[in-house]
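Keep in mind that this is a model prediction, so the values were computed, not measured. Chain naming here is simple, since letters A, B, ... match the order of the sequence lines and numbering starts at 1 in each.
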There are 2 protein chains.
Amino acid sequence: MGRSENSNTAEDLLQLSQQLCFALYAATHAFNRAYKPLLAPLELTYPQYLVMLVLWEADDLTVKEIGSRLQLDSGTLTPLLKRLETARLVERVRDSADERQVRVHLTESGRALRKKAEGIPKKLAQAIGRPIPDIVALRQQLTDLRARMDAVAG
Amino acid sequence: MGRSENSNTAEDLLQLSQQLCFALYAATHAFNRAYKPLLAPLELTYPQYLVMLVLWEADDLTVKEIGSRLQLDSGTLTPLLKRLETARLVERVRDSADERQVRVHLTESGRALRKKAEGIPKKLAQAIGRPIPDIVALRQQLTDLRARMDAVAG
DNA sequence: CACAATTAAATTGTGCACAATTTAATTTAT
DNA sequence: ATAAATTAAATTGTGCACAATTTAATTGTG
C-alpha cells in the first residue's frame with residue numbers, strides 16, 4: 001500500500017524471504033500429512049518410503065550411497081534401516097571386501113512391496129491437481145533453490 | 001527419449017510427482033541447514049524462531065492460536081514453549097477467565113531478541129539470490145500447493 | 001441443577017534429523 | 001612395515017512432529 005512495485009525496501013525483502021521459508025516449511029508438512037494415509041497400508045513412514053524408492057531404483061547400496069542420494073547421514077539412516085530390517089524389507093550385511101561398509105539390499109518382500117506402492121504417486125498427483133508443466137517447473141525451482149541453499153550451508 | 005512431449009504416460013506422471021515431493025523434502029532440509037548458522041547466535045531452533053516471529057507480530061496468544069498459525073498441535077508446542085520459557089523469552093500463564101487456556105506472552109528479553117533477529121532474513125534473501133518476483137511466485141505456488149494438500153489430508 | 005459432550009493443554013510413545021563422539025577398518029605417508 | 005590420517009557406521013543426546021490418550025475446565029442439554 002502506498003509503495004510502488006519497484007521500490008522494495010530492505011524490510012519488504014526480509015518479509016518476503018521469511019514467507020518463502022514458512023511456505024516451504026508448511027508445504028512440506030502438508031505433504032507429509034497427505035502421504036500418511038497413502039503409506040499407512042504399506043506400514044512405511046515417508047522417509048522409509050524414500051529409502052525404498054532409492055533401493056527399488058538401485059538395489060544393494062551402502063549406507064553412505066543411500067545417504068548421498070537422500071542427503072541423510074548414518075545417524076538418521078542406521079535406526080531407520082534397522083526398522084526396515086525388522087520389518088523384513090531389507091537386509092544389512094557388512095561388505096567382506098571393506099568391513100567398514102554395510103551394504104543394504106532388498107528382501108523378496110521388499111521387492112514385492114513395490115507393487116503395492118505403485119498406486120501411491122498417482123493418487124498424490126491427483127491431489128496436487130495441477131498441469132504437468134506446472135509440476136515440472138515447480139520441481140525445478142525447488143531443486144535450484146536447494147542447490148543455492150546447499151552452496152551456502154555446505 | 002523417444003517419447004513426444006504430449007504423451008505423458010501414467011508412469012511419467014507418477015515419477016514427476018515423486019520428484020516434486022522429494023524436491024520439496026530436500027529443499028526444506030537445505031533451508032533448515034542454511035538457517036542453522038544464522039539462528040545459532042540467537043540460540044533458537046527454526047521452529048522456535050517461527051514461534052517468536054508469530055509472537056513478535058501478535059503478543060499474548062494462547063497455545064491454540066499459535067498452533068493454528070503454524071499448523072502445530074500442543075504435543076509439539078508445549079515442550080517447545082517450555083524451552084522458550086526456560087530461556088526467559090516467554091512466559092506461560094493460565095487464563096483466569098478460562099483455566100483450560102494457557103496464554104503465552106513475550107518477556108522483555110523476548111521482545112529485545114527481535115533486534116538481533118532483524119539481520120537474519122536479509123542474509124537468507126542473499127542466500128536465495130533470486131529476483132524478488134521469482135521469490136514471490138515460488139512462495140505463492142507453495143502456498144497453493146499446501147492448500148491443495150491440506151484439502152486432501154484434512 | 002446434573003451430567004454428557006466438548007474443548008485446551010499436557011502427556012506418552014514412536015520416528016525422524018542432525019551434531020558430536022566413538023569404534024573399527026582402511027589408506028596414506030613416512 | 002608402522003604410525004598417522006581418513007573413512008564408514010554406529011552411538012549418544014537434543015529437539016521437533018504427530019498420533020493417541022489423559023486431565024481438567026467449560027459448555028450444552030435434559
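- Side-chain N/O atoms of Thr78(B) include none lying less than 4.0 angstrom from OP1 or OP2 on dT11(C).
- For Lys36(A), there are no side chain to side chain contact (heavy atoms under 4.5 Å, CB included) partners, not counting sequence neighbours.
- Nucleic acid contact for Arg103(A): none, since no nucleic acid atom lies under 4.0 Å from a heavy atom of the residue.
- Annotation: of the two residues near DNA chain D, Lys36(A) and Glu65(A), the 5′-most nearest-nucleotide partner is Glu65(A).
- Considering only side-chain atoms of Lys82(B), the nucleotide from dT11(C), dC18(D), dA10(C) that sits closest is dT11(C).
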For nucleotides 21-27 of chain D, give me every protein contact, N/O to N/O, under 3.5 Å, one pair per line with atom names.
unit_1	atom_1	unit_2	atom_2	d
dT26(D)	OP1	Glu99(B)	N	3.2

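- Counting atom types as modelled, Ser74(A) pairs a side-chain N or O with a base atom of dA10(D) as donor and acceptor under 3.5 Å.
- Partners of Glu99(B) according to the side chain to side chain contact (heavy atoms under 4.5 Å, CB included) rule, which considers only residues two or more places apart in sequence or in another chain, are Arg94(B).
- Among the nucleotides dA9(D), dG15(D), dA17(C), the one closest to the side chain of Arg83(B) is dG15(D).
- Counting non-hydrogen atoms of other residues, nucleotides and ligands closer than 6.0 Å to CZ of Arg88(A) gives a total of 12 or fewer.
- Closest contact between the side chain of Lys64(A) and the listed nucleotides dA9(D), dC18(D), dA17(C) involves dA9(D).
- Looking at the side chain of Val63(A), the nearest of the listed nucleotides dA10(D), dA9(C), dC18(C) is dA10(D).
- Residue contacts for Leu77(A): at a heavy-atom cut-off of 4.0 Å it reaches no nucleic acid atom on any strand shown.
- OP1 or OP2 of dC16(C) lies within a sub-4.0 Å distance of a side-chain N or O belonging to Thr45(A).
- Taking the side chain of His29(B) as heavy atoms from C-beta on, and the options dC18(C), dA8(C), dA17(D), the nearest nucleotide is dC18(C).
- Regarding contacts with the backbone of dA17(D), every side-chain N or O of Tyr46(A) stays at 4.0 angstrom or more from both OP1 and OP2.
- Leu72(B) comes within 4.0 angstrom of sugar-phosphate atoms only, judged by non-hydrogen atoms across all strands, and of no base.
- Atom CG of Leu84(A) is separated from atom C1' of dG15(C) by 12 Å (rounded to the nearest Å).
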